[in-house]
Amino acid sequence: MQITKLTTYRIPPRWMLLKIETDAGITGWGEPVIEGRARTVETAVQEFAPNLIGKDPARINDLWQEMYRGGFYRGGAILMSAIAGIDQALWDIKGKALGVPVYELLGGLVREKMKTYSWVGGDRPADVIASIRKLRELGFDTFKMNGTEEMALIDSSIAVDAAVARVAEIRSAFGNEIEFGLDFHGRVSAPMAKVLLRELEPYRPLFVEEPVLAENAEYYPRLANSTCIPLAAGERMYSRYEFKRVFEQGGLSIVQPDLSHAGGITECVKIAAMAEAYDIALAPHCPLGPVALASCLQVDFVSHNAVLQEQSMGIHYNKGAELLDYVLNREDFSLENGYIKPFTKPGLGVEIDERRVIEASENAPDWRNPVWRHADGSIAEW
């Protein structure tokens, strides 16, 4: 079997899918994308095409190493996201060729179902509470929400009180019926993170995500030593070599690699195993589409330390399309009390509605995140 063609499709709301074809008639799907930089990743995918055309898709490890090591420059968000989507598609092809789900090729199931959580949008407590109540009706009891709006390097007690009051109101509304993580989204500096973590402790969030940016990871152990709230990070880290340094320094309780950013299934299985050796839980980042979620689940179902899976069905970022819009086997994505079961179809287990994908790609918007500024006019983290 040989790879014959790579085709990319940019689709709403902010995703990109990749189709890899072979001369055996077996196709695989991947999801290589950086939100807001889809065209750049698309170019990177096509630049990898000469390394892939005519090659045996079953040799996933060798092809991965060629893509990663074959150029002098390596790593980073763009190249690793391109490799991630290609890697997902190669695993999809291999599973289909052998007639088994990818998790069987990785050693088989370690659990019967996987706990998921839902993003909750909104900056006003009333909006968040209403959204949680709606999702509760669908069976969710675990959520994630933004912990704060933009914050200055050193911000006021008013800003701190506003962030804490929002969390307090949500906890008051639901008590211990729900669990929720708070995403600082890299918006908080190290000095303010320490203050916020201390003030938020009485409300016992499940975790705080990206308490500071990944480039300031040296603060993770310092912040962990100052709080009892579990700290999570990893969505903006792109290889086991970046995770290695963070694991060695300590501080994280939960690691969140993104299967569409951190080198795909091949790399993230290794990152998960490294995390397990450090007694760190795995909760893959995934506010993306159906192939990304299917890929995350393949890793979750073979990783003993996987505890939570993010998923994007119904999240506030989805404008113009939803995850299941591009899926034929929607029943396999059904949730029961917030859990999802292993897909039983071969490969990644997701059947893509190619006709819908092609139609949607014809007028796909170029999604961009908003640009925020502080009161003094300087750029703020979004």
Side-chain angles (χ1 to χ4, degrees), residues 13-14 33-41 75-81 119-125 127-128 144-170 181-201 203 205 207-227 229 231-238 242 245-246 249 251-252 256 258 261 285 287 315-317 319 365-382:
R14 54 179 190 160
V33 69
I34 283 287
E35 302 92 297
R37 294 289 183 268
R39 290 179 183 268
T40 312
V41 178
I78 301 303
L79 291 179
M80 294 305 287
S81 295
W119 247 103
V120 181
D123 290 314
R124 298 182 183 276
D127 294 337
V128 175
K144 184 172 75 176
M145 62 199 75
N146 283 320
T148 177
E149 297 180 322
E150 66 269 34
M151 295 199 82
L153 186 64
I154 300 294
D155 217 321
S156 66
S157 59
I158 294 174
V160 173
D161 287 347
V164 174
R166 177 171 172 268
V167 174
E169 191 168 339
I170 293 164
L182 299 173
D183 190 354
F184 280 12
H185 221 253
R187 299 171 181 175
V188 183
S189 66
M192 297 309 300
K194 190 172 183 179
V195 173
L196 274 174
L197 288 168
R198 182 187 62 202
E199 297 291 333
L200 289 167
E201 280 188 359
Y203 307 103
F207 59 84
V208 165
E209 181 174 332
E210 278 198 329
V212 294
L213 288 164
E215 51 259 44
N216 295 323
E218 66 272 13
Y219 283 99
Y220 292 156
R222 303 180 204 178
L223 291 171
N225 287 336
S226 72
T227 184
I229 301 173
L231 302 183
E235 70 182 75
R236 286 188 270 191
M237 297 162 62
Y238 309 109
E242 292 181 66
R245 297 183 182 94
V246 173
Q249 292 173 354
L252 291 186
Q256 302 167 307
D258 190 304
H261 300 336
H285 180 256
I315 70 171
H316 57 296
Y317 291 128
K319 305 294 184 183
D366 286 322
W367 184 86
R368 294 285 186 271
N369 63 256
V371 175
W372 287 358
R373 292 184 179 270
H374 294 296
D376 65 0
S378 61
I379 287 289
E381 296 284 348
W382 171 69

For [X] against [Y], the heavy-atom pair lying closest together:
{"X": "Val41", "Y": "Val33", "answer": "CG1-N, 4.0 Å"}
{"X": "Ala163", "Y": "Gly147", "answer": "CB-O, 3.7 Å"}
{"X": "Glu149", "Y": "Trp372", "answer": "C-CZ3, 4.3 Å"}
{"X": "Ile229", "Y": "Thr227", "answer": "N-OG1, 3.1 Å"}
{"X": "Ala214", "Y": "Met237", "answer": "CB-CG, 3.9 Å"}
{"X": "Ala193", "Y": "Pro211", "answer": "CB-O, 3.7 Å"}

Distance from [X] atom [atom1] to [Y] atom [atom2], nearest 0.5 Å?
{"X": "Leu153", "Y": "Met192", "atom1": "CG", "atom2": "CE", "value": "9.0 Å"}
{"X": "Glu242", "Y": "Arg236", "atom1": "CD", "atom2": "CZ", "value": "12.0 Å"}
{"X": "Ser81", "Y": "Asp258", "atom1": "OG", "atom2": "CG", "value": "7.5 Å"}
{"X": "Leu196", "Y": "Arg187", "atom1": "CG", "atom2": "CZ", "value": "12.5 Å"}
{"X": "His261", "Y": "Glu35", "atom1": "NE2", "atom2": "CD", "value": "4.0 Å"}

Does [X] reach the side chain of [Y], with side-chain heavy atoms less than 4.5 Å apart?
{"X": "Glu235", "Y": "Glu210", "result": "yes"}
{"X": "Tyr203", "Y": "Ile170", "result": "no"}
{"X": "Ile34", "Y": "Thr40", "result": "no"}
{"X": "Leu252", "Y": "Pro221", "result": "no"}
{"X": "Trp367", "Y": "Arg37", "result": "no"}
{"X": "Phe184", "Y": "Met151", "result": "no"}
{"X": "Asp183", "Y": "Met145", "result": "no"}
{"X": "Val246", "Y": "Tyr220", "result": "yes"}

Inset, instruction - Could you tell me whether a side-chain N or O of Asn146 sits under 3.5 Å from a main-chain N or O of Thr148, the two making a donor and an acceptor? - result: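 It does not hold such a pair.
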
Inset, instruction - Check Val188, Leu200, Val160, Asp155 against Val195 for a side-chain contact (heavy atoms from CB on, under 4.5 Å) and give me the one that passes. - result: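 Among the candidates, only Val160 passes.
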
Legend entry - Glu209/Lys144 salt bridge by N-O under 4.0 Å criterion: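 Glu209 and Lys144: salt-bridged.
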
Inset, instruction - Inspect the surroundings of CD1 in Ile154 and state if more than 12 heavy atoms from other residues, nucleotides or ligands are less than 6.0 Å away. - result: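 Yes, the 6.0 Å shell around CD1 holds more than 12 heavy atoms from other groups.
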
Inset, instruction - Please work out which of the three classes, parallel, tilted or perpendicular, describes the rings of His185 and Trp382, given edges at 30° and 60°. - result: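 Taking His185 first and then Trp382, their aromatic rings stand perpendicular (interplane angle over 60°).
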
Inset, instruction - Cation-pi check, Arg222 to Tyr219: give yes when NZ or CZ is under 6.0 Å from the six-membered ring centre and within 45° of the ring axis, no otherwise. - result: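 Here Arg222 passes the 6.0 Å and 45° test against Tyr219.
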
